[in-house]
Participant: 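Please find one structure pasted underneath; my questions will follow.
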Amino acid sequence: MAEQLLSTAVHDTVPGRYVRPESQRPRLAEVVAGARIPVVDLACPDSAAVVSAIGAACRSHGFFQILNHGIDEGLMAAVMAVARDFFRLPAEEKAKLYSDDPARKMRLSTSFNVRKETVHNWRDYLRLHCHPLDQFVPDWPSNPPDFKEIMSAYCKEVRELGLRLYAAISESLGLEAGCIGTTLGEQEQHMAVNFYPQCPAPELTYGLPAHTDPNALTILLMDQDVAGLQVLNGGKWVAVNPQAGALVINIGDQLQALSNGEYRSVWHRAVVNSDRERMSVASFLCPCNDVVLGPARMLVTEETPAVYRNYTYDEYYKKFWSRNLDQEHCLELFRT
């Protein structure tokens, strides 16, 4: 099955199994190129202003970029470099790690869910579980030699950043700073190291089609040289242009549910490039499988009744993976 990996060959044409029906293609000429999603400087001395800016971004876009987040730019560059080195390994080396089983804790795969899809996505990815690190790192790739060390260091920094953001998001909703972290329980943490090869016809396919994230919070390290992330805002697709030193944050489905629909887990997608390959590293903070999720009690009143029923993350995640990526918003299945 590893021969399905896109990163093991150069492609002069787009194979038929990647070509979207005409009605489902990305219409790249219609994408808004010059708009900017909100940018929040975490070093701003006015902490109330930071909280307010984060809340406004969660309501308006569900996405924002953060500056002065505390993660060293040298470490971020090292993560992207070692990720690129991994996908340049010989095919036989990568084949040892290939799996199309979504239940695997560490796997190299392609597209999104090749077992179910009728049309594939122009992406290979390495999926890693990251917490607790000492439990999962021994199974991570040993080649490149510095892969484990660099990725482990980054995972620790990202986790701390995510917990800081939870506190700010809690306060922006009028909740205690620790509310979200406590509600979601001991956070699981996953990472997707994404590789989007050069594509001879980007208008025919996607790196990833429109989707929302099933987790609570996503922290994205983007390729600084090649854009590809797009966010649906106001009915139009908006390109997210890389900003030096920034990380991209997006609200996942669980924070939309916890906020009782006040904050938005929005549709986003990845398109591909005809001239250059593109990398990204997405880190996901996820609730415990058995924690009970739903709108925060303080946000449910007679005027604002619960939008979603209670459920466990395990129930939600299984439902998410049983569907195609671009079906209706999974939260719609949990409405009251």
Participant: Does atom NZ of K148 have more than 12 heavy-atom neighbours, drawn from other residues, nucleotides or ligands, at distances under 6.0 Å?
Facilitator: yes

Participant: To the nearest 0.5 Å, how far apart are NZ in K156 and CD1 in I71?
Facilitator: 13.5 Å

Participant: Sub-3.5 Å donor-acceptor pair from the side chain of S52 to the main-chain atoms of A49, do we have one?
Facilitator: no

Participant: Check whether the side chains of S109 and D100 place a donor and an acceptor atom closer than 3.5 Å, and report yes or no.
Facilitator: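 Result is no, nothing qualifies.
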
Participant: In Å and rounded to the nearest 0.5 Å, what is the CG to CG distance from L217 to L165?
Facilitator: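 Separation between the atoms: 6.0 Å.
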
Participant: Donor-acceptor pair, W122 side chain versus Y196 backbone, under 3.5 Å?
Facilitator: no

Participant: Is the closest side-chain donor-acceptor distance between K94 and S7 under 3.5 Å?
Facilitator: yes

Participant: Check whether any side-chain N or O of T205 sits under 3.5 Å from a backbone N or O of P202 as a donor-acceptor pair, and report yes or no.
Facilitator: no

Participant: Please list, chain by chain and in numerical order, all residues satisfying salt bridge (charged side-chain N to carboxylate O under 4.0 Å, His left out) with E176, sequence neighbours excluded.
Facilitator: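 Testing E176 for salt bridge (charged side-chain N to carboxylate O under 4.0 Å, His left out), a comparison that skips the adjacent residues, returns none.
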
Participant: So which atom in M76 and which in A246 form the shortest heavy-atom distance, rounded to 0.1 Å?
Facilitator: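 Distance-wise, the nearest heavy atoms are CE-O, 4.2 Å.
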
Participant: Any carboxylate oxygen within less than 4.0 angstrom of a Lys/Arg side-chain nitrogen, looking at E157 and R164?
Facilitator: no

Participant: Is I37 reachable from L255 through a run of hydrophobic residues whose side-chain heavy atoms are each under 4.5 Å from the next?
Facilitator: no

Participant: Over all heavy atoms of both residues, which pair between M80 and V281 is shortest? Give the atoms and the distance, please.
Facilitator: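 Taking every non-hydrogen atom into account, SD-CG2, 4.0 Å.
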
Participant: Check the angle between the aromatic planes of W140 and F147 and answer parallel, tilted or perpendicular using the 30° and 60° thresholds.
Facilitator: perpendicular

Participant: Looking only at side-chain N and O atoms, does S283 offer a donor or acceptor that is under 3.5 Å from a partner on Y154?
Facilitator: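 Checked: Y154/S283 side chains show no N/O donor-acceptor pair below 3.5 Å.
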
Participant: Do the side chains of M298 and L173 join up, straight or via other hydrophobic residues, at under 4.5 Å, putting them in one cluster?
Facilitator: yes

Participant: Enter the distance from F64:CZ to C58:SG here, rounded to the nearest 0.5 Å.
Facilitator: 5.0 Å

Participant: Which ILVMFWY residues can you reach from L28 by hopping between side chains whose heavy atoms are under 4.5 Å apart?
Facilitator: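 Same cluster as L28: Y206, V271.
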
Participant: Just so I know, are the side chains of Q65 and V240 near enough to count as touching, which here means a heavy-atom distance under 4.5 Å?
Facilitator: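 Result yes, sub-4.5 Å side-chain heavy-atom pair found.
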
Participant: Evaluate the side-chain proximity of M279 to F195: yes if any heavy-atom separation is below 4.5 Å, no if none is.
Facilitator: yes

Participant: With a 4.5 Å cut-off on side-chain heavy atoms, are L133 and Q189 touching?
Facilitator: no

Participant: Consider side chain to side chain donor-acceptor pair (under 3.5 Å). Of H268, R269, K236, which one does Q230 pass it with?
Facilitator: R269

Participant: Indicate yes or no: at least one non-hydrogen side-chain atom of Q24 is less than 4.5 angstrom from one of P209.
Facilitator: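 With C-beta onward as the side chain, the pair stays apart.
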
Participant: Within the structure provided, determine whether Y313 and C288 are in side-chain contact (heavy-atom separation under 4.5 Å).
Facilitator: no

Participant: Does atom CZ of R36 have more than 12 heavy-atom neighbours from other groups under 6.0 Å away?
Facilitator: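 Open: at most 12 neighbouring heavy atoms sit under 6.0 Å from CZ of R36.
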
Participant: Please check if the number of heavy atoms outside E149 that lie under 6.0 Å from its CD is greater than 12.
Facilitator: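 It does not: E149 CD has 12 such atoms or fewer within range.
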
Participant: Taking CZ in R297 as the centre, count heavy atoms belonging to other residues, nucleotides or ligands within less than 6.0 Å. Is the count above 12?
Facilitator: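 Result for CZ/R297: open.
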
Participant: Under 3.5 Å, side chain of N260 to main-chain N/O of V307, donor-acceptor pair present?
Facilitator: yes

Participant: Could you walk me through whether R127 and S99 pass the side chain to side chain contact (heavy atoms under 4.5 Å, CB included) check?
Facilitator: CA-CA 10 Å; R127 184 82 174 187; S99 172; over 6 Å; no

Participant: Would a single hydrophobic cluster contain both I54 and L67, if residues Ile, Leu, Val, Met, Phe, Trp and Tyr are joined by side-chain heavy-atom contacts under 4.5 Å?
Facilitator: no

Participant: How long is the span from the OH atom in Y125 to the CE atom in M191, to the nearest 0.5 Å?
Facilitator: 15.5 Å

Participant: For the residue pair F136 and H131, what are the closest heavy atoms and their distance?
Facilitator: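 Nearest heavy atoms, F136 then H131: CE1-O, 3.1 Å.
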
Participant: Is it the case that more than 12 heavy atoms not belonging to E22 sit under 6.0 Å from its CD atom?
Facilitator: no

Participant: Mind checking whether D139 and K105 have side chains closer than 4.5 Å, heavy atoms only?
Facilitator: no

Participant: Hydrophobic clustering (ILVMFWY, side-chain heavy atoms < 4.5 Å, transitive) - are L285 and L247 grouped together?
Facilitator: yes

Participant: With a 3.5 Å distance limit and no angle check, can you tell me whether S170 reaches the backbone of Y166 through a side-chain donor-acceptor pair?
Facilitator: yes

Participant: How long is the span from the OG atom in S265 to the CG atom in L331, to the nearest 0.5 Å?
Facilitator: 6.5 Å

Participant: Any donor-acceptor pair under 3.5 Å linking the side chain of E203 with the backbone of R27?
Facilitator: no

Participant: Minimum heavy-atom separation for D275 and Q198, please, with both atom names.
Facilitator: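 Closest pair (atom of D275, atom of Q198, distance): O-NE2, 3.0 Å.
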
Participant: Is a side-chain donor or acceptor of T110 paired with a backbone partner of R123 at a separation under 3.5 angstrom?
Facilitator: yes

Participant: Which pair of heavy atoms, one from A306 and one from T336, lies closest together, and at what distance?
Facilitator: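 Heavy atoms of A306 and T336 come nearest at O-OG1, 3.0 Å.
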
Participant: Is R84 salt-bridged to D223, going by a charged N under 4.0 Å from an acidic O?
Facilitator: yes

Participant: Does the gap between the ring centers of Y311 and Y316 come in under 6.0 Å?
Facilitator: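 Centroid separation for Y311 and Y316: below 6.0 Å.
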
Participant: Any chance you could lay out the side chain to side chain contact (heavy atoms under 4.5 Å, CB included) test for Y98 and R107, step after step, and finish with the verdict?
Facilitator: CA-CA 6 Å; Y98 182 86; R107 64 192 175 100; over 6 Å; no

Participant: Could you measure the distance from the CG atom of L97 to the OG atom of S142? Nearest 0.5 Å is fine.
Facilitator: 9.0 Å

Participant: If we count only N and O atoms by modelled type, under 3.5 Å, do the side chains of N121 and R20 hold a donor and an acceptor together?
Facilitator: yes

Participant: Tell me if a side-chain donor or acceptor on H69 pairs with a main-chain N or O of G245 at a distance below 3.5 Å.
Facilitator: yes

Participant: Backbone N or O of N215 within a donor-acceptor pair of the D213 side chain at under 3.5 Å?
Facilitator: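 Here the side-chain-to-backbone pair does not exist.
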
Participant: Identify the two heavy atoms, one from N233 and one from S60, that lie closest to each other, and give their separation to 0.1 Å.
Facilitator: ND2-O, 3.1 Å

Participant: Begin from the C-alpha positions of L220 and S280 and carry the test side chain to side chain contact (heavy atoms under 4.5 Å, CB included) through to its verdict.
Facilitator: CA-CA 7 Å; L220 181 69; S280 72; 3.9 Å; yes

Participant: Apply side-chain contact (heavy atoms from CB on, under 4.5 Å) to H120 and list each qualifying residue two or more places apart in sequence or on a separate chain.
Facilitator: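 With neighbours one apart ignored, the set is Q4, R17, Y18, S111, V114, E117.
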
Participant: So, do C286 and Y317 sit near enough that their side-chain heavy atoms are less than 4.5 Å apart?
Facilitator: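 Heavy-atom side-chain distance check fails, nothing below 4.5 Å.
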
Participant: Applying the 4.5 Å side-chain criterion to the ILVMFWY set and letting contacts propagate, would F112 and L126 be lumped into a single cluster?
Facilitator: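 Yes; L126 is reachable from F112 via cluster members.
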
Participant: Are V40 and V50 side-chain neighbours, meaning at least one heavy-atom pair lies under 4.5 Å?
Facilitator: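 Contact flag for V40/V50 side chains = yes.
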
Participant: If we ignore hydrogens and angles and just use 3.5 Å, is the side chain of T304 paired with the main-chain N or O of L299 as donor and acceptor?
Facilitator: yes

Participant: Regarding H129 and Q135, is there a side-chain donor-to-acceptor distance under 3.5 Å anywhere?
Facilitator: no

Participant: Using the rule given for side chain to side chain contact (heavy atoms under 4.5 Å, CB included), can you reason through D85 versus D146, listing the C-alpha separation, both sets of side-chain angles and the distance that settles it, and then say yes or no?
Facilitator: CA-CA 10 Å; D85 288 345; D146 52 355; 5.7 Å; no

